[in-house]
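Each chain gets a letter, A, B and so on, in the order its sequence line appears, and its residues count up from 1.
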Amino acid sequence: MKVSYVLVICFILVSRMVFADAAQQITYITFPSLNKPPKYQEDVLAIYGAINHQAISPLFKAYQEKYPHVAIHYTESNTRHLYEQFISQPNMRPDVMLSPAMDLQFKLANDGYALAYDSPELSNVPKDSHWRNELFGFTYEPIVTALNSDILVGEASPLSREQLLNLIRSKNHLLDDKIGLFDIQQSGLGYLAWAYDGQQSRSYGRLLEAFGTHQARLYTDTSSMLNALLKGQIFIAYNLVGAYSYQWSKKYAWIKTIMPTDYTTIIMRTAFIPRDAQQPTLAKRFIDLLLSPEGQHILANQSGITPISTKVKGPYSRDELSKLPHGIFRPIPLGLELLIQTDDAKKQLIYREWDNAMFIISNDSSSIP
Amino acid sequence: MAKATTSIRRQLILMVATVLIVINVVALWSAHIYANRAAKESYDRLLYGSALQMAENINILDSKFFIDLPVSAFETLALSTSDRAFYSIINGQYRVLTGYKDLPNIPFTQLLQQSSEKEKFIPIYYEAMYRGETVRFVALGKRLLEADSVNDVFIIVGQTLDARRAAATEISQMALQFVTLFFFITLLLLLFVIWRVLQPLQAIKQAITERSPQELSPLEADVPSEIAPLLKSINYFMAQLDNTLSRLKRFTAEAAHQIRTPLAGLNSQAQNALDETDEVLRQKQLQHILESSNVLTNTVNQLLSRATLTHRYQSHPFSPVSLDHVIKETCRELVVWALEQQVEIEYLGDIQVTINGDEFALKQMLQNIIENAIKYSPKGSVVEVELMVIDELSETSVVLQIRDQGIGVPDQDKEHIFEYFYRSPENFTSGSGIGLSIAKEVAEHHDARFHLKDNQPTGLIVEVIFPQRKGLSYES
């Protein structure tokens with residue numbers, strides 16, 4: 001048993017074909033089925049996800065242990081790109097769509113692209129974590145600020161947005177070109193978090209101004225931002241996904257992850273089965289696993305992502321999360337409120353504000369990461 | 001044998017259940033209609049509220065639309081948690097400014113008319129299929145005025161119907177639960193009431209079945225006023241039955257006695273005649289035997305005719321009878337027998353009377369009275385039979401009088417002579433003692449009264465008074 005397990009893992013490692021599309025940051029990964037040689041016809045579960053494949057692979061493994069004949073084709077990309085691909089290529093739609101960009105996911109579900117599925121596992125998760133029986137939230141993740149503690153030089157770390165603003169003000173030119181942000185026009189998650197800040201906080205305008213005057217760098221995903229932080233290209237990264245940031249903090253002591261104490265935005269990663277999925281049954285089984293105590297346990301223990309379920313125990317459980325210093329948790333509601341984030345007029349307004357702040361002062365502070 | 005056609009209880013239950021079901025179905029139907037309307041109205045209001053909030057945030061700035069939709073508009077829509085929502089903001093040139101670009105059936109003409117005429121928003125509601133589901137839309141028209149230009153903008157907000165359906169179903173189900181409960185409670189109460197109301201009938205039935213066939217005393221039961229007449233009728237009927245039964249018993253005993261005595265007499269006379277050696281005396285004794293046997297025959301005949309009459313009362317309906325004709329005929333039949341007794345019969349009266357009655361019975365009655373009169377008349381006397389009309393106290397009645405000139409009946413005997421086998425102590429004439437009582441029964445059967453008077457100087461007048469009734473007619 002153990003031997004075969006090890007073999008399987010080796011097999012996965014060897015056969016894992018990783019293609020990286022440099023321009024679009026797309027990664028294709030194949031997890032071949034466990035008990036069938038790949039030359040035979042096998043069932044393929046196609047998944048699109050804006051989740052780091054290292055984080056999600058324990059779930060895939062658990063799925064394949066249950067259904068060994070299924071191969072999983074995972075396409076990883078950033079949230080907006082996945083959304084656009086979903087819309088523009090109706091023939092290439094996946095069987096499961098995973099993304100933290102709740103607004104984009106919600107728009108697809110609202111527009112009728114999602115398959116209704118009454119998962120028996122829905123009873124394990126909170127009621128407000130799914131919309132109709134189409135869109136299923138499966139994680140509970142804070143949006144955090146990460147910073148290189150070296151710049152503090154003995155000062156206390158900025159716990160709230162107000163303190164962050166003070167820090168930026170006091171460090172002034174030290175932070176020029178050293179603040180990392182999501183490019184809200186490229187990243188769906190970045191837009192969601194930023195627009196939600198706009199609804200919640202009065203410091204939003206001053207933050208934007210501060211980011212603009214210091215020629216903040218813009219990134220399309222959390223990993224590249226964290227990479228830049230690690231390399232010292234930036235000192236402060238605002239509004240990134242907590243799960244990855246905490247992992248890096250663990251690894252690199254000088255990276256500090258802060259949940260802002262004025263309020264902490266919480267996002268849910270959501271999953272849905274497209275209406276024209278090729279393998280709806282396999283997809284349903286995947287959703288079941290995702291929401292089941294087992295799947296939630298894997299998230300809390302192996303993936304390093306806080307699961308939505310309150311009952312699961314583990315180093316990344318909700319219990320553990322709430323033990324860390326944090327502000328009021330403000331979960332972005334999974335409902336029609338999200339439609340405002342997808343509104344074109346609203347988007348243009350926010351983009352205009354953003355562009356005005358980012359590009360008027362210095363046009364050449366390039367945003368390419 | 002009477003057959004029970006329908007059970008009152010079953011009919012009552014059936015009717016009550018039918019009425020209840022009809023009422024409840026109507027109640028359910030109205031609740032259903034109400035539920036649908038209530039759900040529709042409340043969710044229409046949400047939709048309208050959302051559209052209004054959007055409309056308030058559309059403005060003109062430097063000849064350009066400035067749209068900043070509020071979160072609250074979407075939060076209002078989100079109150080129906082399980083519904084999809086769609087919206088669109090469209091300018092006067094039908095270009096979609098933001099929102100969904102392909103909403104169906106937008107009532108532009110109505111909207112244009114409204115935004116040009118009205119100052120206030122009047123929501124236009126409509127339903128259309130969109131993305132495979134029925135969607136309820138509200139459309140608002142808003143006119144934005146800038147220095148020298150007029151700009152129309154249309155706000156369309158739509159939502160699927162799940163929440164309203166759920167709300168309507170919930171209200172309907174509550175109504176259903178209530179109505180079902182109400183139905184069973186009322187039905188139980190009514191069943192109890194029906195049982196309670198029919199209880200007295202059951203009690204009467206019980207009381208009658210528990211009785212022995214001989215017991216004919218009145219039923220004692222507390223019954224409601226509606227059933228009291230029935231009980232009264234039953235009691236009256238039983239009293240009658242009791243009366244008839246006791247009369248029959250007495251009659252049977254008397255008849256047995258009356259027949260046994262002459263038979264014993266006959267027996268001894270015949271024995272004597274056998275023993276008699278003197279031919280003349282034996283002739284005389286045989287003569288006595290013949291007389292006794294005649295009396296006995298007479299008695300038996302009377303008894304039989306009475307039995308016949310009793311049977312006729314039950315089986316023969318009345319028909320018009322010419323009374324004067326019957327009297328004359330009877331007199332004619334008896335006149336020969338009367339002459340043998342050296343008595344004359346005289347019929348007086350020249351009126352013609354028709355009554356409703358039984359001719360055979362009436363003739364029996366007349367025969368018995370006249371025979372009786374002849375029997376008690378002295379030789380050479382006359383029995384007068386007269387039919388007349390008397391006006392007394394504004395009441396006209398037909399009276400038949402039979403007058404004889406015999407010894408008459410003393411007053412103390414007058415009330416007894418109609419009893420069976422009664423004979424006055426001083427009477428030595430042969431007779432059955434049954435004739436007059438038969439006559440009286442016939443008279444009573446015809447609602448007539450008997451009246452006895454003394455004749456002058458001696459004798460008895462038997463009066464039969466036929467009251468003025470339907471079916472009685474006369475002419476002089």
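Enclosure of atom CD in B:Glu170 is not indicated, since only 12 or fewer non-hydrogen atoms of other residues, nucleotides or ligands lie within 6.0 angstrom. The number of heavy-atom neighbours closer than 6.0 Å to NZ of A:Lys284, taken from other residues, nucleotides and ligands shown, is above 12. Counting non-hydrogen atoms of neighbouring residues, nucleotides and ligands closer than 6.0 angstrom, the CD1 atom of B:Ile33 exceeds 12 such neighbours. Heavy-atom neighbours of B:Phe178 CZ from other residues, nucleotides or ligands within 6.0 Å: at or below the threshold of 12. The number of heavy-atom neighbours closer than 6.0 Å to NZ of A:Lys127, taken from other residues, nucleotides and ligands shown, is 12 or below.
Interface residue B:Phe66: only side-chain heavy atoms are found under 4.5 Å from chain A. Only the side chain of A:Gln199 comes within contact range of chain B, judged by heavy atoms closer than 4.5 Å. Looking at B:Tyr87, only its side chain comes within 4.5 Å of chain A, counting heavy atoms on both sides.
Considering every non-hydrogen atom in both B:Tyr100 and A:Asn110, the closest pair reads OH-ND2, 3.0 Å. Scanning both residues, B:Asp83 and A:Trp131, for their nearest heavy atoms gives O-CZ2, 3.3 Å.
For B:Thr98 (side chain) and A:Asp343 (main-chain N/O), no donor-acceptor pair under 3.5 Å exists by modelled atom type. A donor-acceptor contact shorter than 3.5 Å links the side chain of B:Arg131 to the backbone of A:Asp111.
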Donor-acceptor list for residues 182-195 of chain B side chains, cut-off 3.5 Å, not counting sequence neighbours:
residue, atom, partner, partner atom, Å
B:Thr186, OG1, B:Phe182, O, 2.3
B:Thr186, OG1, B:Phe183, O, 3.2

Enumerate, atom names and distances included, each donor-acceptor pair closer than 3.5 Å involving a side-chain atom of residues 75-82 of chain B, sequence neighbours excluded.
residue, atom, partner, partner atom, Å
B:Thr76, OG1, B:Gln53, NE2, 3.0
B:Thr76, OG1, B:Ser72, O, 2.7
B:Ser80, OG, B:Leu77, O, 3.1
B:Ser80, OG, B:Gln159, OE1, 3.3
B:Ser80, OG, B:Gln159, NE2, 3.0

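Among the candidates A:Asp344, A:Leu339, A:Thr342, the residue making the largest number of heavy-atom pairs closer than 4.5 Å to chain B is A:Leu339. Heavy-atom pairs under 4.5 Å with chain B peak, among A:Gln348, A:Lys347, A:Gln341, A:Glu134, at A:Glu134.
By the 4.0 Å N-to-carboxylate-O rule, B:Asp162 lies close enough to A:Arg132 to be salt-bridged with it.
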